[in-house]
K.L.:
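First the structure, then my questions, so here it is.
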Amino acid sequence: MQSALYVGLSAQVALEKRLQTIANNVANVNTAAFRTDVVKFETVLSRAGTNPVAFSSPGDNIISREAGNLSETGNPLDVAVVGQGWLAFAGPNGTVYTRDGRLQIAPNGDLQTLTGFPVIDSGGAQITVDPNGGPLAIARSGAITQDGNEIGTLGLFNIPTEANLDRYGTSGIVPDRPAAAITDFTRDGFRQSYVEGSGANPMLELTRLMSASRAFDGTNSLVEGTESSLQNAIRTLGDPAK
């Protein structure tokens with residue numbers, strides 16, 4: 001009976017984390033280039049008794065690599081990544097990768113993200129343009145042309161599929177393995193005047209939220225019923241008249 005109580009409690013902890021993850025996905029359905037979080041659950045077996053008992057672990061959050069849809073903006077400073085590559089910018093603690101290609105030009109000419117971080121090329125160098133030199137043309141390869149002159153190239157990077165990703169902000173990620181610069185733009189590249197939308201599907205996430213909520217309520221009823229049965233058994237065993 002106690003095992004059932006502990007199993008139910010472990011399921012509640014896992015489902016609570018699942019609910020928090022889905023709620024965060026729902027909150028970012030309109031965030032450019034947002035990648036959803038998914039929870040990887042595991043089962044922990046306890047063999048303390050005669051029969052093994054399966055407990056749910058809280059689960060690990062994993063950042064999905066599923067991209068959002070592209071939409072045309074008409075803004076020449078917007079670029080979307082085509083394929084599996086990533087843009088990069090110089091974060092406060094090192095390189096951060098993102099699919100959010102909404103760029104801006106600082107007064108000194110530095111090409112930046114909307115949050116003010118310098119965008120870098122494939123060698124890790126910051127990119128500077130002429131703030132008064134006219135509109136930028138950005139090729140599929142990331143080559144930046146202004147007034148007919150090529151002045152820099154956006155870096156495009158491949159992150160190993162086996163790398164674990166940590167989230168930075170809403171659309172940035174930091175891998176635990178080094179990313180490699182992409183030099184073949186047959187499948188990967190940039191598309192100017194487009195932005196990648198959120199990878200969160202609102203209808204799918206809401207369906208998952210309702211399903212997880214129902215599962216949590218069911219588990220809560222199980223825990224309450226098990227606890228009530230345990231208390232009744234204690235009272236019965238402790239009553240000398242029975």
Side-chain angles (χ1 to χ4, degrees), residues 20-40 60-106 110-122 124 126-127 136 138 140 142 144 153-182 188-206 208-209:
Q20 292 172 347
T21 298
I22 298 173
N24 184 59
N25 291 341
V26 171
N28 285 282
V29 294
N30 293 317
T31 300
F34 175 78
R35 295 298 179 94
T36 59
D37 281 321
V38 295
V39 179
K40 178 182 178 183
D60 296 322
N61 273 23
I62 299 174
I63 299 175
S64 170
R65 299 202 184 198
E66 186 174 350
N69 295 323
L70 303 187
S71 59
E72 188 173 7
T73 65
N75 185 350
L77 288 179
D78 289 339
V79 289
V81 177
V82 178
Q84 299 300 313
W86 298 79
L87 276 164
F89 61 85
N93 298 310
T95 303
V96 178
Y97 300 90
T98 183
R99 300 270 296 193
D100 185 357
R102 297 174 298 168
L103 308 178
Q104 63 179 355
I105 301 174
D110 287 346
L111 196 61
Q112 299 178 339
T113 66
L114 286 188
T115 50
F117 292 107
V119 178
I120 61 176
D121 61 20
S122 58
Q126 297 182 20
I127 301 172
L136 305 180
I138 303 175
R140 181 180 176 88
I144 302 171
T153 304
L154 292 173
L156 187 62
F157 300 86
N158 177 62
I159 297 175
T161 55
E162 63 274 15
N164 295 315
L165 309 179
D166 287 328
R167 190 177 297 281
Y168 180 88
T170 54
S171 301
I173 59 101
V174 179
D176 64 353
R177 301 194 181 194
I182 294 175
D188 302 286
F190 295 100
R191 193 170 184 182
Q192 188 176 20
S193 298
Y194 281 78
V195 166
E196 180 180 315
S198 173
N201 182 314
M203 293 303 298
L204 179 59
E205 295 298 333
L206 286 174
R208 288 173 175 169
L209 185 61

K.L.:
Using modelled atom types only, decide if a donor and an acceptor are shared between the side chain of T98 and the backbone of S171 within a distance under 3.5 Å.
P.N.:
yes

K.L.:
Please check if the number of heavy atoms outside Q104 that lie under 6.0 Å from its CD is greater than 12.
P.N.:
yes

K.L.:
Check whether E66 reaches the backbone of T36 with its side chain - one donor and one acceptor, N or O, closer than 3.5 Å.
P.N.:
no

K.L.:
Tell me the closest heavy-atom pair linking Y194 and L70, and the distance in Å.
P.N.:
CD2-CB, 4.3 Å

K.L.:
I'd like to know if the side chain of E205 reaches the main chain of V26, judged simply by a donor and an acceptor atom lying under 3.5 Å from each other, with no hydrogens or angles considered.
P.N.:
no

K.L.:
Examine distances only and state if a side-chain atom of D188 and a backbone atom of Q84 form a donor-acceptor pair shorter than 3.5 Å.
P.N.:
yes

K.L.:
Going by the salt bridge (Lys or Arg N to Asp or Glu O under 4.0 Å) test, which pairs reach into residues 163-175, not counting sequence neighbours?
P.N.:
D37-R167

K.L.:
Looking only at non-hydrogen atoms, find the nearest pair between F117 and A90 and report the distance.
P.N.:
CD2-O, 3.5 Å

K.L.:
Can you name the nearest heavy-atom pair linking A181 to S122, along with the distance?
P.N.:
CB-CB, 3.8 Å

K.L.:
What's the separation between atom CG in N164 and atom CD1 in I62, rounded to the nearest 0.5 Å?
P.N.:
8.0 Å

K.L.:
Which pair of heavy atoms, one from A80 and one from E196, lies closest together, and at what distance?
P.N.:
CB-N, 4.1 Å

K.L.:
Give, for atom CZ of R140 and atom CZ of F190, the distance between the pair rounded to the nearest 0.5 Å.
P.N.:
10.5 Å

K.L.:
Grab the two heavy atoms, one from G83 and one from R99, that are nearest each other, plus how far apart they are.
P.N.:
O-NH1, 2.8 Å

K.L.:
For the OG1 atom of T153 and the CD1 atom of I127, what is their distance to the nearest 0.5 Å?
P.N.:
7.0 Å

K.L.:
Can you tell me how far apart CG (L165) and CZ (R177) are? Round to the nearest 0.5 Å.
P.N.:
11.0 Å

K.L.:
Is it the case that the side chain of R102 and the backbone of D78 share a donor-acceptor pair, with hydrogens and angles ignored and the cut-off at 3.5 Å?
P.N.:
no

K.L.:
Can you name the nearest heavy-atom pair linking R35 to S64, along with the distance?
P.N.:
CB-O, 3.2 Å

K.L.:
Does any N or O in the side chain of S198 come within less than 3.5 Å of the main-chain N or O of N28, such that one atom is a donor and the other an acceptor?
P.N.:
yes

K.L.:
Return each pair, listed once, that meets ring-ring contact (aromatic ring centres under 6.0 Å, His included) where at least one residue sits in residues 157-182; pairs must be two or more places apart or across chains.
P.N.:
Y97-F157

K.L.:
Quick check: do T113 and D100 have side-chain heavy atoms less than 4.5 Å from each other?
P.N.:
no

K.L.:
Working to the nearest 0.5 Å, report the span between CG of L103 and CZ of F89.
P.N.:
11.5 Å

K.L.:
For the side chain to side chain contact (heavy atoms under 4.5 Å, CB included) test, which of V174, I173, D176 pairs with I159?
P.N.:
I173

K.L.:
Hey, what do you get for CG (L136) to CG (L154), rounding to the nearest 0.5 Å?
P.N.:
9.0 Å

